[in-house]
Number of protein chains: 4
Amino acid sequence: MKNSHPLQKARIFVDNKNIGMYNFKNDYAEGAHPLILNKLAESNLEQELGYGEDQYSAAAKQLLRKAIDNDHAAIYFVSGGTQANLLVISHFLRPHEAVISAKTGHIYANETGAIEATGHRVITVTGAEGKVTAQDIEDVMQAHRMRPHVVKPRMLYISNSTELGSIYHKTELQQLQQVCKKHHLLFFIDGARLGHALCASSNDLQLQDIASYADIFYIGGTKNGALLGEAIIFRTAKLADDFDYSLKQKGALLAKGRLLGIQFLTLFTDELYFDLAKHANHMAEKIARSIQAAGYQFLTAPVTNQLFPILPKQLIERLLHNYAFYVWSAIDAEHDAVRIITSWATDPAVVDQFCVDFNHIDQALKAGS
Amino acid sequence: MKNSHPLQKARIFVDNKNIGMYNFKNDYAEGAHPLILNKLAESNLEQELGYGEDQYSAAAKQLLRKAIDNDHAAIYFVSGGTQANLLVISHFLRPHEAVISAKTGHIYANETGAIEATGHRVITVTGAEGKVTAQDIEDVMQAHRMRPHVVKPRMLYISNSTELGSIYHKTELQQLQQVCKKHHLLFFIDGARLGHALCASSNDLQLQDIASYADIFYIGGTKNGALLGEAIIFRTAKLADDFDYSLKQKGALLAKGRLLGIQFLTLFTDELYFDLAKHANHMAEKIARSIQAAGYQFLTAPVTNQLFPILPKQLIERLLHNYAFYVWSAIDAEHDAVRIITSWATDPAVVDQFCVDFNHIDQALKAGS
Amino acid sequence: MKNSHPLQKARIFVDNKNIGMYNFKNDYAEGAHPLILNKLAESNLEQELGYGEDQYSAAAKQLLRKAIDNDHAAIYFVSGGTQANLLVISHFLRPHEAVISAKTGHIYANETGAIEATGHRVITVTGAEGKVTAQDIEDVMQAHRMRPHVVKPRMLYISNSTELGSIYHKTELQQLQQVCKKHHLLFFIDGARLGHALCASSNDLQLQDIASYADIFYIGGTKNGALLGEAIIFRTAKLADDFDYSLKQKGALLAKGRLLGIQFLTLFTDELYFDLAKHANHMAEKIARSIQAAGYQFLTAPVTNQLFPILPKQLIERLLHNYAFYVWSAIDAEHDAVRIITSWATDPAVVDQFCVDFNHIDQALKAGS
Amino acid sequence: MKNSHPLQKARIFVDNKNIGMYNFKNDYAEGAHPLILNKLAESNLEQELGYGEDQYSAAAKQLLRKAIDNDHAAIYFVSGGTQANLLVISHFLRPHEAVISAKTGHIYANETGAIEATGHRVITVTGAEGKVTAQDIEDVMQAHRMRPHVVKPRMLYISNSTELGSIYHKTELQQLQQVCKKHHLLFFIDGARLGHALCASSNDLQLQDIASYADIFYIGGTKNGALLGEAIIFRTAKLADDFDYSLKQKGALLAKGRLLGIQFLTLFTDELYFDLAKHANHMAEKIARSIQAAGYQFLTAPVTNQLFPILPKQLIERLLHNYAFYVWSAIDAEHDAVRIITSWATDPAVVDQFCVDFNHIDQALKAGS
């Protein structure tokens, strides 16, 4: 990472609920990378056009078009993932059309029915490790033949990395793109954690690949160092036709669009975006190795910044004294799966301490104390 | 104003379109008040809970409850005005219910049918100076008696200050509150420019008055010194029942809610919010006096930071060489109304120069040159 | 009229509210033309395919295609006018698009916000005599240029005959079609009372003209002799693409589609549809002549089966003793406009009696008694 | 059955597709019970009020209130089941609220996303035999605790009989009512085939029981002898508050409401409704016995008018030469499940012939020919 680590001067926040605790609950516990704040301060009193017509948004879009190697892409910045998802899906689907997602997909599991609120069904598939397969799509198409008594599948939604921390590989995306073309489905990739996926050690995809497989995708800023912001990218301007209306109608068009433009301009200068994702993944990897070394399994292979280890309940309980994370799901009488997330801002010293604490507690418990 | 003016160190941005121009088009051309950026930087690496559960949002809400003298108010922060409007209106209205607005109201004139997109009609009244009167409400109720063939009016929406720069007075709000109670209408005030309204020289309302007349209202940050953000205030927690679900569903729940909390905490510390609005109004007043002194009329009385003078087309054309503003509406063969907006960040020196330029051009034209 | 009048054997229904009264309130007070009931009985126990795939619907569509001289038209039958309107409009409009209508248009004035409930604004124009002009469209387009802050007009909706009983003439429809093409608007004609329009004495349009000017229109059965039913006609099959899904989704696809098919088959055999409309118009004309002969004016010229005479309040009051009709609007201290509607089933003897009663009362009042 | 069978004088319709075939595909292949047509003809030229305010609708509602032993019930008639479902669900749910259904429930499997089109998620449970259990509800509530990131379950939807021909028993409904009360869920029963459920030999429920367990339910006419029509019944008038607006807005308010009133008045006079359901069930029972006697199993126990026998593919193929029915689902290489439906109008002679043919073919196949 080119920049000195932002947490060197950080202090860990102490509030009533989490006295002295370090938060591994999510990747949006801190603010923004300091370079972003610097740029905001530096440009603060320049007068800019509103509603995304500012020079910083224009420059950021130009940088992104270069990064994906597609001069014809249309790009819009919005505040967050739920907003990006509902905007894209409602913009494309006609009233009787539906979107396909894994049951664990963010649009089905975490967004309060945002898609249905725009009038469309989310058709779910079970999806191993939170992923959708080409066969899943074939099954959905097969199950939706009784026209007009059924909804018409029209879009595939996947997240990469997924909500379970897993990632898609090149052959998988190729197959999904093919099956989408075969069935006239739009292919939409939620990249709220795209950086973490593309920086995973097992990854075989480039940003340009994502841009070539997906009809529409977005690059998440909120979970990788921005205050807020996702960059929605349409393969062609024609695809994005009238999307400006949708942005405004759904309350997503910020008056001070510079706030989003400046952030993506900063994140995509000198590959900061990928450096931040690598840091998060690297922190997770250290934790994962400690857990694996102690002989524990994971719900999904630990490859990005989200870990789902299956641990003894007693071990979990003691860790929770000093570290905040979610107990994810019950496994058996003695074990639960938990979710541990690292971020661009995770303090390496804390991670080291966590590994030490983990081993210490684990060994004590194994020793029967 | 307690703080030295933020524009003292500013430079005027020069781009291709507006070389050397100063922008009077809106009140969101600049970033945020420097104290906000300072606070963001200062707190940047503290770990906070997400989705508005952070300490800054909590502290800002406490401050606002004190400012409106209502301990029971429920408060939520969102990114912008369109979002605030569609959230509040769609949260309260049942499918057959409608909201009443002036035809110039932001929800009817400027938000791409955002309310209708949630399923509800906006019933418009003509509204002198962009304002709704109690009699307008009576007329609407009278016109909607043919149940069930008509929509059911259920909410009144007004903006203060209005989209035409005018403001409501105490007796007007009292009458509107009464007529709303009479007809079982919820009373919702859009305060995107509430600061400018409450700091107008002709104003006779306090923030507490707004909070006591309205069932729901919001205090706009975006147009008065914040990067983004509006604080939606419900008179009681019961009124806000389940509003958290709506926030999430409509894509309005920011992961890093601290961004909004910190801004409102800053704006409502030491009355910064009102100082900024006073500055904007004061800048507008200087311009208005020059225009009045030259003998010109206004579409609506110039009392806040939005001015709508009626000027000769030739005068407008020459002013546009150095200053950016909107030509608002055609008046007659020789005159148009224009819209000039000042902000918390408007440079006093530029305003002085504008007045000099205005007089110079006006006198030259009157002299026939 | 080829068939003996259906009311010859009728008895006037007497209920608690309207003892001995004859109902001129609407054109759906009676059931269906007897030929329809006969056909229903005759075919009753034949087994037919459901959901509009029956032979009667197929035959009726064939008949209608011939009547409009367009083999390529796609046709769907639905239960009523509000259903037809919301189906067509919501099927075609994307989320940010809007439909233009006269303020008196059924979709704005009489359908409980059905269009807005599907997410779309109805943009209203004042419309003399309930009609929209080409200039109205130009004005709307002019007022909706501030993209993306405004809705995008995408469809024109008119009714012929209108809700005020007026009709469109050929040059008017030609101009509307041209302005629609110019601005890329779909042209949709609500023909709930199309029969009455086309049989008006001042009419210069044929059914084929309607079909050639409109992109989509419907022929109303409910108000012209059917139990229920409107035939929605799309100029091409391509225009109707996926409309079957919309029908089902909005609850408009009747399991026993034969009910609709049989009615339109009957109505369009031997021109029954037009005979019924002529009867309704003829009955109205007799009443209109009496009123005109007595020197009274009308809100709109009396040319179809809806009359809006302006009468002295005393005269109205006395007529209401024996005849049911709506008092429509206040004119001045002494006069109101009323609405009198005749139908395919209006009894000629009652109309004669009404004229006698009208003259008698009028003369008595004029004589001061 | 008090009336001679309506099919005695019927002829079997012959069209190109189904020459000489008898249709067991559904229970809406024929028109209406002759008594309904008689009543329509008899009352045809009486003048009635529109929009459900007619005397027949009033009388039918009175009869229904008596039949369910609840004077306080509010009742509305609509055209069909999808319409009834979307009306009730969208009327009650706030934007973030969802309805729970079996995955085979009509609102999820057969209505083109009608509920989602009104903005609400349908949460599905697997449901043995198409039924929902109290435990299913507990599981759903457990899975929806992460407020506000999930939808809020607010209503339970079940159908009785179900889409798989199964029925609910008294203890099941009692348990569902209890779990609904516990979790503040509205309990809504789709009775499109309620007659068939209540007339099943294994049934232990009365119509009054249904009315006491459900907050809202409807009695289906379309699938039991009416041309069209479902009677929606709300336990109290308060529950139905403003439902008239929803009816009109969704295009469900028929101008000639008499058409629906007359049908329910006829169906609930002298228990015709139940006689018709008994006939349908009896016809199915005869077929089921033949199939059982031949040693075949069913997907669900054959208790109502929908049968789902699992048959050898060769047997199915030969039966399809003379009888129309749906092949429902693949079982194994040699067997499919089929769906056979009988109705109020099914001809006993045809059923007898079917049983003869079935046995003949089956024995021939078993004999290897």
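Everything numeric here is computed off the predicted structure, so don't read it as measured data. Chain naming here is simple, since letters A, B, ... match the order of the sequence lines and numbering starts at 1 in each.
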Review point. Looking only at heavy atoms, which of residues 81-94 of chain C get nearer than 4.5 Å to chain D?
Key: C:T82, C:Q83, C:L86
Check your understanding: Which residues in residues 245-256 of chain C have any heavy atom lying under 4.5 Å from a heavy atom of chain D?
Key -> C:Y245, C:K248, C:Q249, C:K250, C:G251, C:L254, C:A255, C:K256
Check your understanding: Checking side-chain contact (heavy atoms from CB on, under 4.5 Å) for the pair D:Q47/C:E30: CA distance, chi angles, key distance, verdict?
Key -> CA-CA 5 Å; D:Q47 289 195 315; C:E30 292 89 2; 2.9 Å; yes
Check your understanding: How close do D:N44 and C:L37 get, heavy atom to heavy atom, and via which atoms?
Key -> CG-CD1, 3.5 Å
Practice item. Please report the closest heavy-atom contact between C:N23 and D:E48, naming both atoms and the distance. Key: ND2-O, 4.2 Å
Study note, to complete from the structure: Residues at least two apart in sequence or cross-chain that pass side-chain hydrogen bond (donor to acceptor under 3.5 Å, both in side chains) with C:D242, listed by chain then number, are A:H96, A:R147, A:K152
Exercise for review: Pick one of side chain, backbone, both or neither for D:L259, based on which atoms fall under 4.5 Å of a heavy atom in chain C.
Suggested key: side chain
Review point. Distance-only, no hydrogens or angles: does the C:R258 side chain make a donor-acceptor pair with backbone N or O of D:L227 under 3.5 Å?
Key: no
Based on non-hydrogen pairs under 4.5 Å, which of [options] is most in contact with chain C?
options               : value
D:I115, D:L228, D:N38 : D:L228
D:A41, D:G119, D:A32  : D:A32
D:A114, D:G80, D:S79  : D:A114

Revision key, fill the gap. Rounding to 0.5 Å, atoms OG1 (C:T112) and CG (D:D244) come to a distance of 8.5 Å
Revision key, fill the gap. Listed by number, the residues in residues 216-226 of chain D that come under 4.5 Å of chain C (heavy atom to heavy atom) are D:T222, D:G225, D:A226
